[in-house]
Colleague: 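One structure, pasted below without further comment.
Note on naming: letters A, B, ... go to the chains in the order of the sequence lines (proteins, then strands), and numbering restarts at 1 for each one.
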Number of protein chains: 2
Amino acid sequence: MSASDARLERLIAPVADGMARMREILVRQVAERSHAVADMTGHVGRFRGKQLRGALVLLAGDATGNSTDEHPAIAAIVEMIHLATLVHDDVLDGADVRRRVATVHQRWDNQVAVLLGDFLYARAFALSTDLSSRLASRALAEATRRICVGEIEQSTLRYDFELTDERCESIAGAKTATLYAAACELGARYPGGREEIGQELWQYGLEIGLAFQIVDDCLDVVGEESVVGKSVGNDVEDGKVTLPVLHAYRAADAATQARIREIYTQPGLAHRVQLLRSACDLLGGVESAMARAQQLTVRARARVAALPDSPARSALEDLSEYVLERRW
Amino acid sequence: MSASDARLERLIAPVADGMARMREILVRQVAERSHAVADMTGHVGRFRGKQLRGALVLLAGDATGNSTDEHPAIAAIVEMIHLATLVHDDVLDGADVRRRVATVHQRWDNQVAVLLGDFLYARAFALSTDLSSRLASRALAEATRRICVGEIEQSTLRYDFELTDERCESIAGAKTATLYAAACELGARYPGGREEIGQELWQYGLEIGLAFQIVDDCLDVVGEESVVGKSVGNDVEDGKVTLPVLHAYRAADAATQARIREIYTQPGLAHRVQLLRSACDLLGGVESAMARAQQLTVRARARVAALPDSPARSALEDLSEYVLERRW
């Protein structure tokens with residue numbers, strides 16, 4: 001376990017029991033008699049990640065005095081939706097397949113990855129229809145819609161260096177922060193009513209989700225694969241212009257701007273990653289994007305400060321800093 | 001409009017008003033402020049197809065005296081789920097992309113097709129959570145799960161000529177007939193109760209859905225592209241062993257069986273399609289599969305015969321023959 005993972009485990013200790021129940025529900029929900037499906041869900045399960053979104057449901061519930069017996073199920077549904085989006089993110093388009101064919105070691109082909117993601121969505125929605133209130137079904141169907149729209153929008157804005165910060169953040173907000181926001185809102189509100197506190201926790205989730213995405217975007221520019229634990233340079237390869245790049249681009253003179261645009265389209269990924277890293281370091285793009293992420297987490301922290309003192313509230317406060325932790 | 005389309009339009013005339021309302025709901029549900037999304041849903045809308053599944057919701061409702069104001073919305077949800085599965089079916093795996101690159105004229109890349117399908121699923125589930133009873137959400141989440149499991153199972157059984165008829169049909173049933181069955185069941189049962197009649201209509205839907213799939217499988221072997229209106233030979237290219245091929249294979253001697261297996265793996269699609277067509281014609285595979293499809297539709301017809309006489313019941317009876325209509 002990495003130092004970062006150990007820190008997260010300590011952070012979410014106040015909801016350890018709920019997390020254990022969530023994991024039991026997850027295992028049960030994806031169980032299938034079909035060996036082919038069971039083999040895949042088992043494989044996906046090993047990459048279950050930090051389950052931060054599920055933890056947020058439980059922490060928001062505890063911190064606002066709103067926990068119910070159904071909170072672990074909601075946490076499981078949120079995690080299943082997250083897993084489905086991850087599986088679908090791994091589907092490559094034709095160009096990618098042709099370009100990356102030597103490095104892609106997919107265990108199953110694209111078509112099956114699509115079906116597995118659909119299966120996870122279907123199980124998530126099925127579980128949500130068993131809950132006593134429909135609030136979770138509605139909030140999560142809406143969150144899923146926003147995630148898709150955000151991703152589709154982003155795909156139309158590749159190689160666009162004229163993006164405003166607002167637009168860039170609204171897309172990152174839609175594609176990543178929406179699920180954090182929905183997790184926190186449901187934790188604080190489910191099964192219903194309590195709109196004001198729900199709205200406040202929704203904003204908390206949106207802000208830390210956005211900060212998390214900005215940190216992720218920075219890592220993709222300046223992180224080391226061995227430290228980050230996943231490949232870097234994906235955004236430059238996909239033509240995605242993220243906040244650190246945008247900030248570096250704006251700080252650059254015309255010649256350097258032309259050079260940055262060139263980096264995005266020239267061949268040779270390793271070289272491009274190196275060049276972009278230097279440009280963003282030099283021009284303060286990463287520094288400036290990280291400052292924005294920090295601003296967001298300060299705001300998020302303030303939103304929960306008024307809640308009664310509790311281990312869960314402290315965890316929400318500390319989580320806002322955890323997402324900033326530099327992993328490079 | 002083809003003769004087949006005109007015949008279908010006459011068949012579903014008893015629910016023309018409901019179909020018009022369903023289409024209004026569909027348009028409203030996929031509307032998005034995002035231009036990128038709107039452009040795509042507009043494109044998908046032009047390929048809306050026969051909307052047979054939506055019509056079945058309305059016909060089953062009318063024929064069983066169970067129509068409600070919410071039936072057109074259920075029909076729209078069923079059509080959205082169907083559309084999502086179609087969009088996801090179009091996602092190609094890496095091997096397909098490499099093999100078909102010259103013939104693939106995708107308007108958007110794989111990644112965006114996945115997101116668009118997810119968007120349609122999310123809108124379908126969101127609409128279902130607005131209905132007065134949760135029966136639709138539950139039945140359709142379960143149907144979606146079965147569709148995915150069926151497709152995943154099928155992908156693991158490529159090039160398997162030892163399949164039993166039962167297994168072959170249970171997969172075709174899961175991946176195609178499930179949505180027909182759910183459409184008919186919901187039409188007859190929604191908002192709840194009425195389990196017996198729901199079960200009977202579920203079976204009716206399963207049988208005509210399975211017959212429809214078998215006809216489709218036969219068309220893929222012996223249809224002419226210009227008549228069928230879509231490319232043929234997809235199953236042999238994907239390694240899918242369907243009922244007509246299975247029946248031909250079983251009727252063949254050992255040398256011919258080896259030849260059929262060879263056809264599935266040798267290069268040159270046009271030539272393979274021609275060879276497989278001859279083999280299945282010669283060995284009666286298509287004839288025997290079509291006889292099975294007919295048997296299913298006779299059973300389906302008998303299930304609705306006991307319902308009170310009405311234009312909707314007649315339509316259900318005639319639909320069972322419509323799905324058999326040979327289009328080659």
Colleague: Do A:Phe125 and B:Phe125 have ring centres separated by under 6.0 Å?
Modeller: yes

Colleague: Taking A:Ser34, A:Ala124, A:Ala126 one by one, which has the highest count of heavy-atom pairs under 4.5 Å against chain B?
Modeller: A:Ser34

Colleague: What part of A:Ser155 is in contact with chain B, defined as an atom under 4.5 angstrom from a non-hydrogen atom: side chain, backbone, both or neither?
Modeller: side chain

Colleague: Please identify which of these residues, A:Asp89, A:Ile152, A:Thr85, meets the side chain to side chain contact (heavy atoms under 4.5 Å, CB included) condition with B:Leu115.
Modeller: A:Ile152

Colleague: Any chance you could measure A:Leu120, atom CG, to B:Arg145, atom CZ, to the nearest 0.5 Å?
Modeller: 12.5 Å

Colleague: Please name the pair of heavy atoms, one in B:Arg134 and one in A:Thr129, separated by the smallest distance, quoted to 0.1 Å.
Modeller: NH1-O, 2.7 Å

Colleague: At a 4.5 Å cut-off on heavy atoms, which part of A:Phe119 comes close to chain B: side chain, backbone, both, or neither?
Modeller: both

Colleague: Using non-hydrogen atoms and a 4.5 Å limit, figure out which bit of A:Glu32 sits close to chain B: side chain, backbone, both or neither.
Modeller: side chain

Colleague: Using the test side chain to side chain donor-acceptor pair (under 3.5 Å), find all partners of A:Glu169 that sit at least two apart in sequence or belong to another chain.
Modeller: A:Arg292

Colleague: By a 4.5 Å heavy-atom criterion (distance strictly below it), what part of A:Thr156 contacts chain B: side chain, backbone, both, or neither?
Modeller: side chain

Colleague: Please classify the contact between B:Arg123 and chain A as side chain, backbone, both or neither, with a heavy-atom cut-off of under 4.5 Å.
Modeller: side chain

Colleague: Under a 4.5 Å cutoff for heavy-atom pairs, which residue among A:Gly117, A:Ala84, A:Ala122 has the most contacts with chain B?
Modeller: A:Ala122

Colleague: Do you know which of B:Leu140, B:Thr144, B:Asp130 has the most heavy-atom pairs under 4.5 Å to chain A?
Modeller: B:Asp130

Colleague: Working to the nearest 0.5 Å, report the span between CG of A:Asp118 and NE2 of B:His88.
Modeller: 5.0 Å

Colleague: Please examine the side chains of A:Asp238 and B:Gln111, heavy atoms only from C-beta on, and report whether any two atoms are closer than 4.5 Å.
Modeller: no

